[in-house]
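Worksheet for the structure shown next.
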Amino acid sequence: MSDGSAPEAPQAHGTSTRLGPEDAPGITVPDPQPGDLAEDPDLDELVDRLDLRQQVRLLTGADFWALHPEPAVGLRRMVTSDGPAGVRGEAWDERDPSASTPSPTALAATWDPARIERLGRLLAAEARAKGVDVLLAPTINLHRTPFGGRHFECLSEDPLLTAVIATAYVRGVQSQGVAATVKHFVANDSETDRFSVDVRADPRTLRELYLAPFEHVLAHARPWAVMAAYNSVDGTTMTESPLLVDVLKGEWGFDGVVVSDWFATRSTEAAGAGGLDLAMPGPRGPWGDALVEAVEAGRVDAAAVRDKVHRLLLLAQRVGALEGTFAPVPEPWPADRVAGELRSAAAAGFVLARNEGDLLPLRREDLSRVALIGPDSATGRLMGGGSATVFPAYTVGPLEGLRRVLGADVEVSHHVAVNSTDRTAPLPVEWLRGGAEVRFLAADGTELHRETRHAGSLMYLGTIADGVTVSDVASVSLTARVEVPVDGRYDVGVAGVGPFVLTVDGRTVLDSVVRLPEGADPIEGMMRPPMQVAEVELRAGTTVELGLRHEPVSADGFGDVDTATMTFKLLLAPVQVPDEDLLEQAVAAAAAADVAVVVVGTTAEVESEGFDRETLALPGRQDDLVRRVVAANPRTVVVVNSGAPVLLPWADEVPAVLLTWFPGQEFGNALSDVLLGAREPGGRLPVSWPASADGLPSTRPVDGVLDYAEGLRIGYRRGEDAAPPLFGFGHGLGYSSVELGEVSVTGEAASGLAVSVPVTCTGRRSGRHVVQVYASRADTAVDRVPRWLVGFVPVDVTPGQTVTATVPVARRALEHWDVSTGSWQLEPGAFRLHVGLSLAAADAGTEVG
Ligand code: BGC
């Protein structure tokens, strides 16, 4: 493969290149790892030891997450797990907690490959501790439009930033002997009809935007697995796509395993003969006996099966799952080191978008009263929904974080202020007395399994316990003794799919069948399941017994009964108080405070895998809330806690706007660090933050087709003059200030350039800044976007210090995909390179050729 381990000769103008190390200077290509040898004769010998049936058996999962062991070749069971903002492990609940990292967009906002590589090592240590061999991450689809509901799980709208951050992530994970899986190959950039949508993108757009991160990561980090997406591209479903054979494995020389997205394998023969290697999950699926028959009948070449098995054994060798091979022991990550890393990573991704009059950082000595306001300001929203969900052992929300750092002599009052959702929350665990008893019964009433849980939200995928799967269960019952903290009227209810009976102290309050809306993505049944509630009066100090009986139904469209999923949530929350009453209290508290901190954001029903967004507006009356608070107290900081851009129509009315993404379990600590100035808000925007939704690409297919008609013009590539953003790409203020000196450029476009600029710290604080280099091309025969990112480097400076930043610009960053020859070409003539601390601030440019 073009693994970049040997430097390639510089190419002349106008010829096509493959990626080599010079395309990502600053990133060293990993040394060959044990098991890198795709042609390993020992592996061939192992494949030969297996008959066709044994070979084919390995190519479908053993269950939802694991692969089959094969004693005949010394292969142990290998386990996969999601990713990317933590490692969940095989259980989907609180019993196997995970470190929850900032969401991937926040990781890209750091623009800091060294940090992300370190985080990758942390994730690998988590994976190993949980018995996970293959992490199903990172997600390197692009932010084609903020309407994408799963935007938070992707890194950036820019293919180069995505590629560099993902390369660091993969290298960190794999350096510890855990496989990374770059996903979802390719053009799974939104969720609407994701199982069937046919994406149409012209070849240049596909190459320069959507395939580019995969190509780069393959060349520079050698991922051991790639996940084939659900969607189709140009009429062929991705698990059968010629792009797997011709481009991924052919042109780019990928030697790892192509694993299907879950349930994405659609055929025996087309997928079996094609580039897909592993159909997940199992144990059933379209391969198995049907593939054995197809090979025996000569409809699928036996060599195709052998190649898949070879790749699987190579993966096993790489992760140490084959007898005689060992994965490295990951470096130790004691709990306090993990906490510190998560805390600093969150702060490093926060983007200070606006800071009029230097309101931030706050000075502790000026504060005696702080009003913390917003529907989710106590806990914050820490992660996006879907397969990226993990269950951290603890979380620190803004309220706890601020109270902890400000201490007892500063009063931090808390005000929900408006309702951002009309859904009822799951039973808070702290109201549980003694845990919830869950019993699983077979059709004849025998108890299959029983467990005690500390959660109000239960989710099972395939396996429930040893020897018990969801499909064995005819009914499940949950009994919970609960005590509420204050007297009042409460909504008690269920969320899930199927028949439910809910009792309170033995009295039936709900007996109904809850259904998913027609055509909904099955993951919607897990992430925002339909709900039903009843109102009850509860008293503090009195324990009530809640009983829930449910008959699971298989979620249509998400595989067969062997791997059925079961989700149900026991809901309990005070009946919502009307916004107007809450708002009045919050505004009064803001007026009386030294500073108001308003946390606004999206909800679990807005940003998740499985569906896209209907609107970019903040849910509920949050815009109104911000306006009323800032009118009452001009010292207002707005913290935007969303995974992706939301519209902020009041942005120029508030002095300080801090964008925090979904920051993971250490949110509250990182936030108080940044608000009080103990840490820098280190982030720079990895996505253009739009001022309005006008002109943004849609995620809605028409007659099954999603046309990427905007071509190359996504995000900032639309042109900041044509579509002025609210906050532009690469923007972020930080707390320190720097000045850039004179730019100098060495090298040639054909062989790679180095752009140097002195960075002088002019402020009183040390800080980190990101020197960004963009290219433009005036005199051109090629249709081009106004400017595009070609390189960047983070620089640390201390007051008075000047550091020279050197940004490598690879030839590839200046090339375009030439459709007529089907190759990368460097247009002869001069490009301009623009240097600055954001796209908007980049200079008039230096001519290079
Ligand atoms: C998601 C993948 C994920 C898989 C397993 C799919 O629905 O698209 O990203 O890895 O489920 O959870």
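We number each residue from 1, following the sequence as shown. Bear in mind the structure is a predicted one, so any value in this text is a computation, not a measurement. Each ligand, and each atom within it, is numbered from 1 in the order the structure gives.
A cation-pi arrangement is found for R381 relative to F662, the charged atom lying closer than 6.0 Å to the ring centre and inside a 45° cone about the ring normal.
Counting heavy atoms of neighbouring residues, nucleotides and ligands inside a 6.0 Å radius, atom CZ of R95 exceeds 12 of them.
One side chain, R150 or S387, offers a donor N or O that lies under 3.5 Å from an acceptor on the other. Under the 3.5 Å distance criterion, with hydrogens and angles disregarded, a donor-acceptor pair is assigned to the side chains of T469 and D472. No hydrogens or angles considered: nothing links the side chains of R88 and S98 as a donor-acceptor pair under 3.5 Å. Side-chain contact, Y169 with Q174: no donor N or O sits under 3.5 Å from an acceptor N or O.
For ligand 1, the atoms closer than 4.0 angstrom to any heavy atom of S387 are 1 (C), 2 (C), 3 (C), 9 (O), 12 (O). Near W65, with a cut-off below 4.0 Å to any heavy atom, the atoms of ligand 1 are 5 (C), 12 (O). Close approach of ligand 1 to K183 (heavy-atom distance below 4.0 Å) involves ligand atoms 2 (C), 3 (C), 9 (O), 10 (O). Every atom of ligand 1 with a heavy atom of L136 under 4.0 Å away is listed here by number and element: 10 (O). In the vicinity of D261, heavy-atom distances shorter than 4.0 Å reach the ligand 1 atoms 1 (C), 2 (C), 3 (C), 4 (C), 6 (C), 7 (O), 8 (O), 11 (O). For ligand 1, the atoms lying closer than 4.0 Å to a non-hydrogen atom of M227 are 10 (O).
Contact check on E90 versus K130 returns no salt bridge, with no Lys/Arg side-chain nitrogen under 4.0 Å from an Asp/Glu carboxylate oxygen. Between R76 and D133 there is a salt bridge, since at least one side-chain N of the basic residue sits less than 4.0 Å from a carboxylate O of the acidic one.
The backbone N or O of G275 sits nowhere less than 3.5 Å from a side-chain atom of K308 that would complete a donor-acceptor pair.
Checked against a 3.5 angstrom limit, the closest N/O atoms of D82 and ligand 1 fall inside it. At least one N/O-N/O distance between H184 and ligand 1 falls below 3.5 Å. Checking only distances, E153 never comes within under 3.5 Å of ligand 1, N or O to N or O. For a threshold of 3.5 Å applied to N or O pairs, the pair formed by W262 and ligand 1 contains no separation below that value.
Taking a 4.0 Å cut-off on heavy atoms, R194 registers as neighbouring ligand 1. At least one heavy atom of Y230 sits less than 4.0 Å from an atom of ligand 1. Residue-ligand proximity: R150 is placed with a non-hydrogen atom under 4.0 Å from ligand 1. Under the 4.0 angstrom criterion for non-hydrogen atoms, F195 is not in contact with ligand 1.
Residue E191 does not touch ligand 1, judged by heavy-atom distances below 4.0 Å. Looking at F64 against ligand 1, nothing comes within 4.0 Å, counting heavy atoms.
Between F214 and F254, the ring centre distance reaches or exceeds 6.0 Å.
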